[in-house]
Amino acid sequence: MEKNYDHNGSEDKIYENWESAGVMRADENSAKKSYTIPLPPPNVTGQLHLGHAAMLAVEDILIRYKKMTGHEVLWLPGTDHAAIATENVVLKYLEIKSREEMSREGFLGECRKFATEKHDRIVHQIKKMGAHLDWSREAYTFDRERNFSVNWIFKKLADDGLITRGHRMINWSVGAQSVLADDEVEWEDNEEDFYEFWCGPFILGTVRAETKCADSPVMVHPTAEYVRAKNAAGRECVVTKKYFNEHTQLRKDFEITEIVPGKKLEGMKFEAETYAGTRKFWVVADEVIDPEFGTGAMTISASHSSEDFALAQKYDLELIQKIDFKGKMTAIAGLCEGLSVAAARKKAGEIMVEKSLLFQKRPHANRVPKCYRSGTVVEPMLSPQWFISVNKEFVDKFSGKKTTLCKLTADAVRDGNIKIVPKRFEKTYFQWTDNLRDWCISRQIWWGHRIPVWYDEAGKIFLPEKKSVIFARHGESQANVENVIGGDFSLTESGRRTAEEIFEQVKDRKISKIICSNLKRGKETAELVAGLFANNTQIEVWPELDEFCSTELAQKSGANFRRVSPIQINFDELKDESLDQIRDRAQSVFSKLQNETGEVLVIGHKNITAALFHFSRSDDTEKFVRFRKNWEWRRGESRDFEFLQDPRGNEISFFRHGESEWNVSKKVQGQHSGIYLTEKGKSQARDAAKKLAYKNFEKIICSDLERAIETAEILRTELGISPKIEIWPELREWGLGAVEGKNLAEAFGASENFPYDAIARKIEAGELDSNAENLEQLEARAHAVFAKLKKEKNALVVSHGGFLGILQKIHRDGSIGKLQEFFKTWKKLENLQHFSLEISSLTQDEDTLDTWFSSALWPFSTLGWPDESATDFQRFYPNDVLETGHDILTFWVLRMVMFGRYATGKCPFHTVYLHGLVCDEHGQKMSKTKGNGIDPLEVISEVGADAVRLSLVIGATPGNPIPLGKSKVSGYRNFVNKLWNAGRFVQFQLSESENVIPSLTPKNLSEKWLLHRFSEVCANVSQKLKKYEISAAGDEIYHFVWDEFCNWFVETSKVSRNPAFLYGIFLEILKLAHPLVPFVTEKLWQDLAKDDEFLIEKSFPAPDFQDKKSVALFAQIQMIVTELRKVRAEKKLPPREKISIHISAGKSADEIAAQSDLIAVLGGCSTVKVAEKISQKPEHSVTVLSEGMEIFVEIPFDAAAEKTRLTTEISTLEKSIVALESRLKNKNYIEKAPASLVAETKSQLEKNANELQKLREQLSNL
RNA sequence: GAGCGAUUAGCUCAGCUGGCUAGAGCGCCUGCUUGACUCGCAGGAGGUCACAGGUUCGAAUCCUGUAUCGCUCACCA
């Protein structure tokens, strides 16, 4: 072993070993109690900083401790896509100013590439800290799985009416042409002109003179006193009394006519000139007006200030945009139109002077919001945004009670279900929950979860649709009986009966279609189930639903007739189809399913269905293998497969009326009325109705011709849901004029069923009479129908063959074009009874969601939610502890609680532990400009991760700044090295004997003492960790190892060698220290312990050894030794020079005498004589008192020096005696203080008095 | 402007529900090439616990006020 611990040589290797051995993976099947911490995901493009390091250290200690105390721990890692931050980094990296320089897809591609590249860096850095993370479950806030959760909760919120769209003030950076988050705005102190100008009789004040061109009401304070004054010229003036008194000019020129409390001003109306024209004003009183500020009156710029906007909403004022998004004045600014804000302000001032509106201009200290990126001014602007209504009531699915998101969030902490460490942050938490405003979740950036909202051309809003497909597993096949895997076998008798079981489960659903694989057992089951439905439901065979067991595997198991459970499938061995291929197949099935309408029943196979369930949300093949192992599906069992589907535009179904009398007699129908359906036509309508039953039509719209109305009525009756019928004459068949009623052959010279070609030719050629509709008319009618249909949703339209064709053609091509060509395809569709058209197409909202939206789901979106039956969710949710920096309590923690309670009904964790900001050793914030920043990776390579962890954890209390400096770090490096060297000592001792078996049986005094102390320390550490007093726990370990084990015990062990115990206790100490310093302890464990397991797999020590007597005796020995050392130091005796001592030890003489060897070695004595009482003090000796004993040390002494020593000791003793006595003299003390304390005081006094007595004797004997 | 926190040794900080002579690390001073470790060992000096009141038998600890510093939020027509 090296003399100094080489962290660089061992840490990475140890971590690799942990990882490859899989010790850090949480076993979802374990029976142990779970303990879960979600890792706050660092920015994927970020670098590890000390805040991360502190977070990792604290969480790792908790995780390792819990694991060693018998928990199944899951510490789930991941990264955050950090929307705005990443976008900015990528912009910089690409050296472009704005993302608009690229296409959306192109830019996102660059972001994705960049994020993937940087991902490995941050992950590597996290590993450097020794974090015991389950990398097999690594997640990313912007992957497919998380996107699914995001959309799911968005949909849920929307369904509960909690998502709204509204206007809201945003920070608009004119320079960057982008919205900024509040924390991206920098405030700059500025001295600006404060304009005070006339507005009718009022004098108003503002810095932003340019915005005062279209304000309407004048706001005053309701109870403040206003002065109404008039000058000789009749000019009126209304200002607060204070303002009036402060301005000599006003006092001089104006004469007070009236003093009015504000309320009387309310309702006052006047017309007044502004710099941009005359406007009407009225007066409103509101408390928000500060009568002390300015003139005590103001007007409202609703579109350019958030406070004003709030007022505008309160008083329902018109919103007038005065500045556009380019930072230029709009037309309302009159002469200032088109000017920049700064120029407009100057110009407005000049106009005010011209119009003598300006009363005065004075300097005013102001703070101006600036864009941190472009440095330009940030304008508050109004823009449409999406919100979560946090104060709106809804019915909580879990409690069944009415509540609000805000209440749910606050109550989680208020009811004690979540504890915040340190507690004082609960105040901050409540301060937020009590004043929570609607959460604006939309961001005008590209890198993020796109808002799952679509609009049609009319601006109507569409949300994703929840869709459910029923899956049922086929019945038992011959292969099951014969224990063969794969192959194409038929159902057994019992397998055939499974169909009835399936039917029972799904009979009440409106199944429109059954889909099955191309394998016999699937098809047969499907056929049997279909047969049980009265209307003989349609079956579709999808070969892509075939099971994926490989033929090789089938042969293997088939040949041996050995049962191979799917759980034993070695996915690497799948030769026929790789995991990647299975994934692609599952995903294509998924997208095909999305095109299905109505309720669909899929008869599936176990493995491919599992793949479908998994890969519909995820691309991760490794996770699929695990998922599959936990996924059970009984034969015949049905399950709902729920997913979200992008909305389609408004889809309208069209239906051609059934066969009419004239169809049979082959007469031209056109718009001729009085034609009715034949019996065949009626039954056609009834059949069709069955097929359309799943659609839940709200309305049937039909033309006003009898054959259509008749059809509509049959449909209505058959559909059984009584949609109303609306008659639209514009849905009539095209009008053919004079030929109507004639025989087809007669009219068009064609006897075929329906001579479209001939009709088309005639219409195009204009050969029909003027009563017939021409192409323009037809086209206009079709467009009118579409325009009207856009307002409908879920309607069924009953019209006529020819006109429906026109509608279809126009929908596809925009115009009729050549009818003949069109009818070539239409002919093929002649027998078609119905079709659907998407009347309007949808476009998705351009905006993305606030990063915190996806982060808020982190504690459960990583565990399989929204699938609440997911193994991980069942096993590891709720989480236990959420540990993070206190600065994001309100941003993140609060939102996790909100979404957690809302989406899962449970608090996502029970404890929130907040660490402080890491700062330098003088408490200064670390910053690049100050140059006091510390790069954790640099420090790790200098001193090792263990030392860094200790530095960040010890001496840090939750919520308070964590000071970190070089000296602190090197101090803990020294500790790690100390531990290492203790290990070296142990190894050296072991090398001196053969086959030492570690033992925890103490044989001598110091071993008993140490084991007793070790028991105490373990208990204390556990206690402290339970209370999250990590610093105190670390401190205790630090001092136990260094002071008690190294400095005392190792020294004593040199006196009486017992390698077995030394070995045993040292291994236990390694376990104790492991959560704190995992690397060095693991290294020592591997070097010393003869054990194949890693240290982390061992139990945290919890010995229960008590021996108070030995502890007391050892304390006496320690005192003696310390006193001797003091004497030696004072007398400057070199260690080589041994001393002789005599101890007068009273009753404990025998016990002390038994330890004289120990005293001799530790105290550097040549002889140690112990007696009950030594009556004669040896010559040339110094006397020291310790624990009621007298120790005579035989050394030449200097009487003068001895005198001063004794005098000072006497005086301190006297002082303490006075204090103790005065306490005991106090009656109240004796009566009110606890008896044990009083007794203790008494004995202390006695002891001190005794010592004082002896010291005085010694002094007099000198 | 509002809220929260801090003020303890030269420096950085512990001190949990009040209770022996207020602790640690670093630094400082004095010794020591003791056979695990100079990234060490032994010993030592150093504090009116910001200030002023109050509660209490008893206050660094609880309460009130003052001062200084820090953090967070809001941003003022």
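Atom set for the values below is all heavy atoms of this structure, side chains included, hydrogens, waters and symmetry mates excluded. A, B, ... follow the sequence lines: proteins, then strands. Residue 1 opens every chain.
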If only side-chain N and O atoms of A:K1247 are considered, is one of them under 4.0 Å from the OP1 or OP2 phosphate oxygen of B:C20? no

On RNA chain B, check which nucleotide each of A:W1042 and A:P1135 is closest to and give me the residue with the more 5' one. A:P1135

Just the rounded figure in Å: distance from P of B:A77 to NZ of A:K314. 19 Å

Indicate whether OP1 or OP2 belonging to B:C71 is found under 4.0 Å from a side-chain N or O atom of A:N960. no

I'd like the P distance from B:C28 over to B:C39, given in whole Å. 14 Å

Polar contact flag, side-chain donor to acceptor under 3.5 angstrom, A:N1248-A:S1216: yes

The side chain of A:N1248 is closest to which nucleotide in this list: B:C39, B:U21, B:C73? B:U21

Integer angstrom distance from the C1' of B:G47 to that of B:A9: 5 Å

Strictly below 4.0 Å: does A:K1054 bring a side-chain N or O up to OP1 or OP2 of B:A36? yes

Euclidean distance, atom CH2 of residue A:W187 to atom P of B:C76 [Å, nearest integer]: 5 Å

Starting at NZ of A:K1138 and ending at C1' of B:A42, how long is that distance when rounded to a whole Å? 13 Å

How would you label the contact of A:E307 with the nucleic acid (heavy atoms, under 4.0 Å): base, sugar-phosphate, or nothing? sugar-phosphate

Side chain of A:Y1038 (C-beta onward), nearest among B:A77, B:A42, B:G25: B:G25

Could you check whether any side-chain heavy atom of A:V368 comes within less than 4.5 Å of a side-chain heavy atom of A:W187, counting everything from C-beta outward? no

Checking B:A36, B:C39, B:C16 against the side chain of A:R973 (C-beta onward), the nearest is B:C39

Would you indicate what A:F293 reaches in the nucleic acid, counting non-hydrogen atoms under 4.0 angstrom: base, sugar-phosphate, or nothing? base

Please confirm whether the shortest side-chain N or O distance from A:H364 to OP1 or OP2 of B:A77 is below 4.0 Å. yes

Is the closest side-chain donor-acceptor distance between A:S303 and A:K322 under 3.5 Å? no

Both distances under 3.5 Å, Watson-Crick or G-U wobble: on that basis, could you give the dot-bracket string for RNA chain B, with [ ] for crossing pairs and | for other-strand partners? (((((((..((((.....[...)))).(((((.......))))).....(((((..]....))))))))))))....

For A:G294, which contact category applies under a 4.0 Å heavy-atom criterion: base, sugar-phosphate, or nothing? nothing

Distance in angstrom units between A:Q1244 CD and B:U21 P, rounded: 8 Å

When you get a sec, tell me which of B:A77, B:A36, B:C26 is the closest nucleotide to the side chain of A:M298? B:A77

B:C32 to B:G25 separation - P atoms, rounded to the nearest Å: 23 Å

How would you label the contact of A:K1024 with the nucleic acid (heavy atoms, under 4.0 Å): base, sugar-phosphate, or nothing? nothing

Rounded distance in Å between the C1' positions of B:A77 and B:U7: 39 Å

Inter-nucleotide P distance (B:G54, B:C71), Å rounded: 35 Å

Residue A:E1240, side-chain heavy atoms: nucleotide from B:C37, B:A77, B:C20 that is nearest: B:C20

Checking all strands, does A:T1122 fall into the base, sugar-phosphate, or nothing category for heavy-atom contacts under 4.0 angstrom? sugar-phosphate

Give a yes or no on whether the ring-centroid distance for A:H7 and A:F1079 is below 6.0 angstrom. no

Would you say A:Y195 and A:Y275 make side-chain contact, with heavy atoms under 4.5 Å? no

Between B:C37 and B:U17, how far apart are the P atoms? Round to whole Å, please. 44 Å

Taking atom C1' of B:A36 as reference, at what distance in whole Å does atom CD1 of A:I1069 sit? 14 Å

Taking atom types as they are modelled, is there a donor-acceptor pair under 3.5 Å from the base of B:A36 to the side chain of A:E1051? yes

A:S306 side chain near B:C75 phosphate (N/O to OP1/OP2, under 4.0 Å): yes

Please determine whether side chain to side chain donor-acceptor pair (under 3.5 Å) holds for the pair A:D946 and A:Y972, giving the CA-CA distance in whole Å, both sets of side-chain angles, and the decisive distance to 0.1 Å. CA-CA 8 Å; A:D946 288 334; A:Y972 289 111; over 6 Å; no

Do A:R984 and A:N981 get their side chains close enough for a donor-acceptor pair, meaning under 3.5 Å? yes

Are any of the side-chain heavy atoms of A:I1141 and A:I1159 separated by less than 4.5 Å? yes

By nearest nucleotide on RNA chain B, pick out whichever of A:R1136 and A:V986 is the more 5' one. A:R1136

Looking only at side-chain atoms of A:Y1229, point me to the closest of B:A36, B:A24, B:C57. B:C57

Ring centre gap for A:Y1038 and A:F975 strictly below 6.0 Å: yes

OP1 or OP2 of B:G40 less than 4.0 angstrom from a side-chain nitrogen or oxygen of A:N977, does that happen here? no

Looking at B:C4, does its base get a donor-acceptor pair with the side chain of A:R424 below 3.5 Å? no

I want to verify a distance call: between B:A36, B:G43, B:A14, whose nearest atom is closest to the A:T957 side chain? B:A14

Contact class for A:R1223 vs. all strands (heavy atom < 4.0 Å): base, sugar-phosphate, or nothing? sugar-phosphate

What does A:P1234 touch in the nucleic acid at a heavy-atom separation under 4.0 angstrom: a base, only the sugar-phosphate, or nothing? base

Is the phosphate of B:G40 approached by A:N974 (side-chain N or O, under 4.0 Å from OP1 or OP2)? yes

Does either side chain, that of A:Y1229 or that of A:T1241, offer a donor lying less than 3.5 Å from an acceptor on the other one? yes

Touch class at under 4.0 angstrom, heavy-atom based, for A:K1232 against every strand present: base

Look at the aromatic rings of A:H364 and A:F194 and report parallel, tilted or perpendicular, splitting at 30° and 60°. tilted

C1' atoms of B:A59 and B:C49, separation to the nearest Å: 11 Å

Tell me: CZ of A:F985 to P of B:G40, nearest whole Å? 18 Å

Could you check whether A:T206 gets within reach of a base, just the sugar-phosphate, or nothing at all, counting any heavy atom under 4.0 Å? sugar-phosphate

Taking atom C1' of B:G25 as reference, at what distance in whole Å does atom CG of A:D1043 sit? 12 Å

Provide the distance between the two P atoms, one in B:U56 and one in B:A50, to the nearest whole Å. 23 Å

Taking the side chain of A:K1126 as its heavy atoms from C-beta onward, which of B:G19, B:G43, B:C26 lies nearest to it? B:G43

Given A:Y5, A:F1066, A:F985, the one that forms ring pair (Phe, Tyr, Trp, His ring centres under 6.0 Å) with A:W980: A:Y5

No-H, no-angle donor-acceptor pair, A:K978 side chain to B:C37 base, under 3.5 Å: yes

Candidates B:G19, B:C4, B:C37 - which lies nearest the side chain of A:N981: B:C37

Expressed as a whole number of angstroms, how long is the span from A:N1226:CG to B:G58:C1'? 8 Å

Give a yes/no answer on whether the side chain of A:T1241 brings an N or O atom under 4.0 Å of OP1 or OP2 in B:C20. no

